[in-house]
Protein chains: 2
Amino acid sequence: MQSTDVVESIKRVLRDRGLHATSARVSVLEVLREGHEHRSVEDIRAQILERYPMIDPSTVYRTLETLEEHGLAVRVELGDKRTRWAYMTDAHHHMVCRRCGAVAEMGDAPFQRFADDLTGAYGVRVDMQHLVLHGLCRRCAARSDT
Amino acid sequence: MQSTDVVESIKRVLRDRGLHATSARVSVLEVLREGHEHRSVEDIRAQILERYPMIDPSTVYRTLETLEEHGLAVRVELGDKRTRWAYMTDAHHHMVCRRCGAVAEMGDAPFQRFADDLTGAYGVRVDMQHLVLHGLCRRCAARSDT
DNA sequence: CTGCTTGCAAATAGTTTGCACGTTC
DNA sequence: GAACGTGCAAACTATTTGCAAGCAG
């Protein structure tokens with residue numbers, strides 16, 4: 001299990017979707033797969049530059065967009081102006097605390113129930129992969145109860 | 001019931017919150033109150049210019065931020081890059097269709113149930129005023145069932 | 001009159017685009 | 001070698017900020 005194998009498996013994934021396995025795409029996917037937090041374009045680029053020679057920001061933008069179209073990456077809007085990106089894995093959700101800024105992760109079950117409710121009531125099919133909510137985190141909510 | 005009365009009532013609302021009742025604030029609130037769709041800063045400014053002499057974009061930005069802090073306006077992120085604003089009224093929610101772009105409004109009940117679920121499960125207090133979801137609208141969902 | 005607000009102009013920040021060259025298949 | 005993807009530089013768009021002058025209380 002060498003890092004070469006990781007690269008090879010990523011290339012296979014890309015070619016399976018009919019994409020050219022370019023070094024830009026490989027490096028972006030490689031970095032995305034290493035953690036499941038959501039990262040900005042600049043974070044991603046910085047991590048790539050630590051081990052690959054060079055990549056232009058515009059290439060990172062274009063690459064992420066391509067990966068998104070092919071179901072390999074997800075776009076997450078946390079509420080500040082920069083778009084975050086994550087490797088497409090299991091559904092999990094976030095809440096950004098409006099008081100302290102903490103980002104909490106939450107499991108999928110209540111979200112699925114909610115999505116089903118909405119389908120029943122309105123016929124819509126809600127994307128429930130990486131929802132972002134705002135509000136008060138557990139700690140700030142508890143404090144404001146006093 | 002003259003338009004003067006509208007202006008006077010808005011001024012009262014502003015002063016009640018300890019804000020100076022400036023013409024910028026009055027005109028922004030007046031325009032926001034006229035419809036409950038969500039409008040961009042430029043939309044709002046354009047509507048103001050139809051009847052008031054002049055207002056700078058930066059003033060609209062600052063005014064909306066102030067109104068938000070005082071609970072008179074809500075910020076809504078529909079997913080494109082510009083922030084939309086609405087008059088703060090009853091809770092209602094939106095779904096942006098990822099296929100056709102339609103924006104559907106939905107009532108509050110399932111959302112409240114969901115918020116209570118999350119409080120029970122995670123202790124968080126979710127803001128459920130103007131949530132924006134993404135997915136497939138009724139029509140596009142039906143079509144993709146074939 | 002005193003401080004909060006505004007207009008103006010300029011600066012940011014994130015993102016997008018056109019084009020010539022390099023790479024992948 | 002044909003099509004696709006990348007780097008580079010420049011353009012855009014929405015938004016923010018500093019400052020001097022204006023208006024509200």
Side-chain angles (χ1 to χ4, degrees), chain A residues 7-8 10-31 38-49 52-70 72-85, chain B residues 7-31 38-49 52-70 72-86:
Chain A
V7 169
E8 284 312 314
I10 289 176
K11 285 187 176 175
R12 206 173 314 124
V13 167
L14 288 167
R15 296 209 179 95
D16 282 352
R17 327 238 163 183
L19 293 171
H20 282 193
T22 68
S23 65
R25 288 171 185 166
V26 170
S27 61
V28 168
L29 259 189
E30 186 179 340
V31 162
H38 305 106
R39 272 157 296 178
S40 68
V41 168
E42 260 314 297
D43 292 344
I44 293 168
R45 188 168 100 103
Q47 281 192 54
I48 291 175
L49 292 181
Y52 288 94
M54 150 56 139
I55 187 167
D56 193 77
S58 68
T59 301
V60 180
Y61 280 100
R62 289 191 269 226
T63 300
L64 287 165
E65 207 163 305
T66 302
L67 295 178
E68 181 187 35
E69 283 163 12
H70 292 266
L72 295 169
V74 260
R75 181 191 301 252
V76 182
E77 307 288 353
L78 247 33
D80 54 358
K81 64 193 55 171
R82 65 185 86 189
T83 296
R84 312 308 177 91
W85 294 87
Chain B
V7 169
E8 284 312 313
S9 92
I10 290 177
K11 286 187 175 176
R12 206 172 313 124
V13 168
L14 288 167
R15 296 208 179 97
D16 283 352
R17 326 238 163 183
L19 292 171
H20 282 193
T22 67
S23 66
R25 287 172 187 166
V26 170
S27 62
V28 169
L29 259 188
E30 186 179 340
V31 162
H38 305 105
R39 273 158 294 180
S40 68
V41 168
E42 260 314 298
D43 293 342
I44 292 168
R45 188 168 100 103
Q47 282 192 52
I48 291 175
L49 292 181
Y52 288 94
M54 151 53 139
I55 187 167
D56 192 78
S58 68
T59 301
V60 181
Y61 279 101
R62 289 191 269 225
T63 300
L64 286 166
E65 206 163 306
T66 303
L67 294 178
E68 182 188 35
E69 284 163 12
H70 292 267
L72 295 170
V74 260
R75 181 190 301 251
V76 182
E77 307 288 353
L78 246 34
D80 55 357
K81 62 195 54 172
R82 66 185 85 189
T83 297
R84 312 307 176 91
W85 294 87

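In the text below, chain A, chain B and the rest are named by the order of the sequence lines, each starting its count at 1. Quick caveat, the model's predicted, so the values are computed rather than measured. Atoms considered below: every heavy atom in the structure, side chains included; atoms not considered: hydrogens, waters and symmetry mates.
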> How does protein contact run along nucleotides 20-25 of chain C, one letter per nucleotide 5' to 3', with B for base contact, S for sugar-phosphate only, - for none, heavy atoms under 4.0 Å?
Replying inline: ----BS

> Which part of the nucleic acid does A:S40 contact within heavy-atom distance under 4.0 Å: base, sugar-phosphate only, or nothing?
Replying inline: nothing

> Among A:L64, A:L19, A:T59, which residue meets the side-chain contact (heavy atoms from CB on, under 4.5 Å) test with A:R25?
Replying inline: A:L19

>> Check this for me: does any side-chain nitrogen of one of A:E65 and A:R62 sit under 4.0 Å from a carboxylate oxygen of the other?
In response: no

> Mind checking which nucleotides bracket the chain B contacts on DNA chain D, 5' to 3', with an atom under 4.0 Å from a heavy atom?
Replying inline: D:dA14 to D:dG25

> What integer distance in Å separates B:R25:CZ from C:dG7:P?
Replying inline: 12 Å

>> Closest-nucleotide mapping onto DNA chain D: is B:T83 or A:T59 further toward the 5' terminus? I mean the 5' end.
In response: A:T59

>> Can you measure B:I55 atom CD1 to C:dT6 atom C1' for me and round it to whole angstrom units?
In response: 9 Å

> How many Å lie between CZ on B:R45 and C1' on C:dG7, as a whole number?
Replying inline: 11 Å

> Under the side-chain contact (heavy atoms from CB on, under 4.5 Å) criterion, do A:W85 and A:R75 qualify, and how do the steps go?
Replying inline: CA-CA 5 Å; A:W85 294 87; A:R75 181 191 301 252; 3.6 Å; yes

>> From OH of B:Y61 over to P of C:dA11, roughly how many Å is that when rounded to an integer?
In response: 18 Å

> Rounded to the nearest Å, what distance is computed from the OH atom of residue B:Y52 to the C1' atom of nucleotide C:dT6?
Replying inline: 16 Å

>> Rounding to an integer number of Å, can you tell me how far A:L64 CG sits from C:dT15 C1'?
In response: 12 Å

>> If you compare all heavy atoms of B:P57 against all heavy atoms of B:R45, which two are closest, and at what distance to 0.1 Å?
In response: CD-NH1, 3.5 Å

>> Pick the closest DNA chain C nucleotide for B:S58 and for B:K81 by heavy atoms, then say which residue is nearer the 5' end.
In response: B:S58

>> Would you compute the distance between atom OG of B:S23 and atom CD of B:E30 and round it to the nearest 0.5 angstrom?
In response: 11.0 Å

>> Does A:L72 form a side-chain contact (heavy atoms from CB on, under 4.5 Å) with A:L14? I'd like the steps, not just the answer.
In response: CA-CA 9 Å; A:L72 295 169; A:L14 288 167; 4.2 Å; yes

>> If you only use heavy atoms from C-beta on, which nucleotide in C:dA9, C:dT15, C:dG14 is closest to the side chain of A:R82?
In response: C:dG14

> When the distance from CG of B:L67 to C1' of C:dT5 is rounded to whole Å, what number comes out?
Replying inline: 13 Å

> For B:K11 and B:V26, what are the C-alpha separation, side-chain angles and deciding distance, and is it a side-chain contact (heavy atoms from CB on, under 4.5 Å)?
Replying inline: CA-CA 7 Å; B:K11 286 187 175 176; B:V26 170; 3.9 Å; yes

> Just how far is it from atom CZ of A:R82 to atom CD of A:E42, taken to the nearest 0.5 Å?
Replying inline: 8.5 Å

>> I need the CD-P distance between A:E68 and C:dT16, as an integer number of Å.
In response: 11 Å

>> side-chain contact (heavy atoms from CB on, under 4.5 Å) for A:T83 and A:E77? Distances and angles first, verdict last.
In response: CA-CA 5 Å; A:T83 296; A:E77 307 288 353; 3.3 Å; yes

